[in-house]
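Read the structure below first, then the notes.
So you know, we letter chains A, B, ... as the sequences are listed, proteins then strands, and number each from 1.
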Number of protein chains: 2
Amino acid sequence: MPAPVKSVKPDFEVIRRNKVYEEVAKQIERLILKKLKPGDKLPSERELAEILQVSRSSIRDAIRGLELVGLVEPRQGTGTIVRERTTESSANPFANALKRRQGLVTELLDFRKMIEPPLAARAAANATAEEISEMEEILQRQEKTQSQGEAAIAEDADFHYGIALASGNSVVLKVIDTLMDLLRDTREHSLQVEGRAQKSLAGHRRILAAIKRHDAEAAKAAMRRHIEDVEEIVLNTKF
Amino acid sequence: MPAPVKSVKPDFEVIRRNKVYEEVAKQIERLILKKLKPGDKLPSERELAEILQVSRSSIRDAIRGLELVGLVEPRQGTGTIVRERTTESSANPFANALKRRQGLVTELLDFRKMIEPPLAARAAANATAEEISEMEEILQRQEKTQSQGEAAIAEDADFHYGIALASGNSVVLKVIDTLMDLLRDTREHSLQVEGRAQKSLAGHRRILAAIKRHDAEAAKAAMRRHIEDVEEIVLNTKF
DNA sequence: GCAAGTGGTCTGGTAAGCGGACCAGCTCAC
DNA sequence: GTGAGCTGGTCCGCTTACCAGACCACTTGC
């Protein structure tokens with residue numbers, strides 16, 4: 001059940017200035033989730049400042065935040081490394097954040113159930129040969145990652161993002177983009193469940209096959225089934 | 001066709017700090033579109049500052065911007081009034097903004113086609129008696145406004161927003177919320193077309209009727225038809 | 001051991017926003 | 001009328017976030 005909201009559309013929202021270091025923190029967090037393992041080194045502060053087009057101070061503010069929540073550990077002279085994720089302790093703010101979002105997870109899944117099947121249908125209609133081969137590469141990466149016993153979180157995200165791209169609708173892209181932060185939570189969780197990884201890969205393959213032969217209805221159906229699989233896992237798992 | 005985007009998901013986005021007065025300007029602009037007519041007075045600067053929780057300086061910066069594009073006219077001692085919209089001139093930045101977004105309009109419609117039918121289905125399943133009567137009130141307001149020969153822009157927005165509320169999915173709500181700025185453009189336009197207003201009201205009534213008897217499939221179908229109507233109008237109109 | 005790279009610290013400067021005070025113009029009740 | 005109470009117009013000083021650069025302390029690899 002959602003939080004009670006004021007009647008219909010409120011005329012105004014309070015305005016909040018966004019802080020650069022918060023944005024930076026989000027992006028670094030995303031990078032860690034997608035591309036880095038515990039023990040890996042972050043790009044240097046000066047490098048990040050260059051890439052993100054902000055000053056080093058802002059990078060440092062962001063890193064200090066990530067350090068405080070225990071995600072990262074700066075070492076003078078060496079670099080900033082990604083810390084082991086302490087999944088057990090309930091004092092772990094990371095796990096807590098996940099739990100707090102538990103209500104959101106089902107809503108997110110529901111949202112995906114609404115949007116992704118028709119999205120897959122449009123991808124089937126509009127995908128270019130180039131986009132299809134791009135997605136094929138992604139699935140190969142997913143297979144490789146999983147064969148090494150790792151969770152292919154980044155690849156899973158890339159695949160679904162690739163479909164949004166291939167749909168040719170930039171509005172959807174924008175939406176998916178802003179929801180990425182939340183999406184990755186459900187994804188990370190479900191991929192760690194036993195036997196889930198194989199099922200995910202198979203689902204992706206079915207979807208891509210339908211897209212490849214430009215069969216919109218089949219793509220839609222395959223996507224629906226895929227997301228229902230994810231849903232089943234998530235709902236039947238105790239947190 | 002969307003702008004060419006870099007291969008799949010880019011690792012980083014450049015970070016931009018938002019400016020409070022720009023946000024304020026957006027909200028005031030929205031208020032004008034939704035609730036005010038030319039000649040109406042804006043809330044006083046001090047009042048707006050209180051509501052939006054920003055300083056009066058920021059409100060003033062925003063109003064200056066709206067004054068520069070000719071949307072609004074501050075009068076010392078009286079208040080700030082909404083100016084007549086000069087619809088004809090192609091030098092009108094308002095109309096230009098609409099045209100520039102022309103490409104977006106079809107994509108937005110497509111997005112709505114994806115999301116709103118399943119959303120209506122969920123609303124049919126989850127809507128409380130209170131939410132339903134809320135939507136009934138909105139439709140009565142829409143009827144009243146249209147009977148006076150005016151475009152019921154605010155009511156149209158409220159109705160669709162009400163459905164999102166009744167669906168009980170806060171994620172969807174968040175998405176709709178952030179897209180509101182764009183949505184209002186397609187809506188404003190389509191409602192001004194001859195005969196469109198009646199059709200819109202009828203469509204809304206059918207949707208609400210289905211929701212009221214908790215018929216998810218009928219709600220979905222009615223919503224799909226409603227949006228296709230809108231789409232037809234928009235696509236067949238020369239800008 | 002030393003050069004090169006890293007994070008740690010500090011300083012000076014800029015821009016946005018805040019909060020408050022005061023002025024000038026309009027309106028309306030008395 | 002006229003004055004009280006609104007309104008927008010202007011100015012000031014302060015704080016915060018951010019930037020740019022310099023320098024230090026530490027680690028590592030040659």
Side-chain angles (χ1 to χ4, degrees), chain A residues 12-29 31-32 35-84, chain B residues 12-29 31-32 35-84:
Chain A
F12 289 108
E13 294 162 24
V14 253
I15 294 192
R16 247 198 86 244
R17 184 177 190 170
N18 64 0
K19 296 175 186 172
V20 166
Y21 64 84
E22 286 176 0
E23 296 301 317
V24 172
K26 269 190 211 163
Q27 298 236 11
I28 295 180
E29 207 181 336
L31 175 72
I32 291 175
K35 309 271 183 188
L36 302 179
K37 296 187 300 291
D40 283 356
K41 275 200 309 190
L42 246 52
S44 80
E45 296 179 354
R46 289 170 179 83
E47 205 173 331
L48 284 170
E50 175 66 25
I51 296 174
L52 294 176
Q53 288 293 297
V54 297
S55 78
R56 203 185 139 208
S57 335
S58 301
I59 302 287
R60 291 185 55 72
D61 286 344
I63 290 184
R64 179 170 312 138
L66 298 178
E67 181 188 3
L68 283 178
V69 302
L71 236 180
V72 115
E73 178 184 337
R75 292 187 188 161
Q76 189 171 154
T78 307
T80 302
I81 64 168
V82 178
R83 285 185 47 168
E84 200 66 46
Chain B
F12 290 108
E13 293 161 26
V14 240
I15 292 185
R16 241 199 91 245
R17 182 178 192 169
N18 64 0
K19 295 176 185 172
V20 167
Y21 64 83
E22 285 176 1
E23 297 300 317
V24 172
K26 268 190 213 163
Q27 299 236 11
I28 294 180
E29 207 182 336
L31 175 73
I32 291 174
K35 309 269 183 189
L36 301 180
K37 296 188 299 293
D40 284 356
K41 276 201 308 190
L42 246 50
S44 80
E45 295 180 354
R46 289 171 179 83
E47 205 173 331
L48 285 170
E50 175 66 26
I51 296 174
L52 294 176
Q53 288 292 298
V54 297
S55 79
R56 202 183 142 211
S57 334
S58 301
I59 301 287
R60 288 187 55 72
D61 286 344
I63 289 183
R64 180 168 310 137
L66 298 179
E67 182 188 4
L68 284 179
V69 302
L71 236 179
V72 115
E73 178 183 339
R75 290 185 189 165
Q76 189 171 154
T78 307
T80 302
I81 63 168
V82 178
R83 287 187 45 170
E84 200 66 47

My understanding is that only residues two or more places apart in sequence, or in another chain, count here; which of them pass salt bridge (charged side-chain N to carboxylate O under 4.0 Å, His left out) with B:R64? B:D61

State the CG-CD1 distance between B:L71 and B:I28, to the nearest 0.5 angstrom. 10.5 Å

Approximate separation, where rounding is to 0.5 Å, of A:L48 CG and A:I63 CD1: 6.0 Å

Residues at least two apart in sequence or cross-chain that pass side-chain hydrogen bond (donor to acceptor under 3.5 Å, both in side chains) with A:E22, listed by chain then number, are A:R16

Any residue meeting side-chain hydrogen bond (donor to acceptor under 3.5 Å, both in side chains) with B:E73, in chain and number order, not counting sequence neighbours: B:R75

Nearest-0.5 Å distance that lies between atom OG1 in B:T78 and atom NZ in B:K41: 7.0 Å

Under a 3.5 Å cutoff on both atom distances, Watson-Crick or G-U, what's the dot-bracket for DNA chain C ([ ] crossing, | other strand)? ||||||||||||||||||||||||||||||

Protein-nucleotide distance (A:E22, atom CD; D:dC18, atom C1'), rounded to Å: 14 Å

Run the side-chain hydrogen bond (donor to acceptor under 3.5 Å, both in side chains) test against B:S57 and tell me which residues pass, sequence neighbours left out. B:S55

4.5 Å side-chain heavy-atom contact, A:I32 and A:L42: yes

Less than 4.5 Å apart, any side-chain heavy atom of A:L52 and any of A:S58? no

Across nucleotides 2-14 of chain D, 5' to 3', mark each nucleotide with B, S or - according to how protein heavy atoms within less than 4.0 Å reach it. -----BBBB----

Counted 5' to 3', the first and last nucleotides of DNA chain C within 4.0 Å (strictly under) of a heavy-atom of chain A are C:dG5 to C:dG17

What pairs of residues pass the salt bridge (charged side-chain N to carboxylate O under 4.0 Å, His left out) test when at least one of them lies in residues 47-59 of chain B, not counting sequence neighbours? B:E45-B:R56

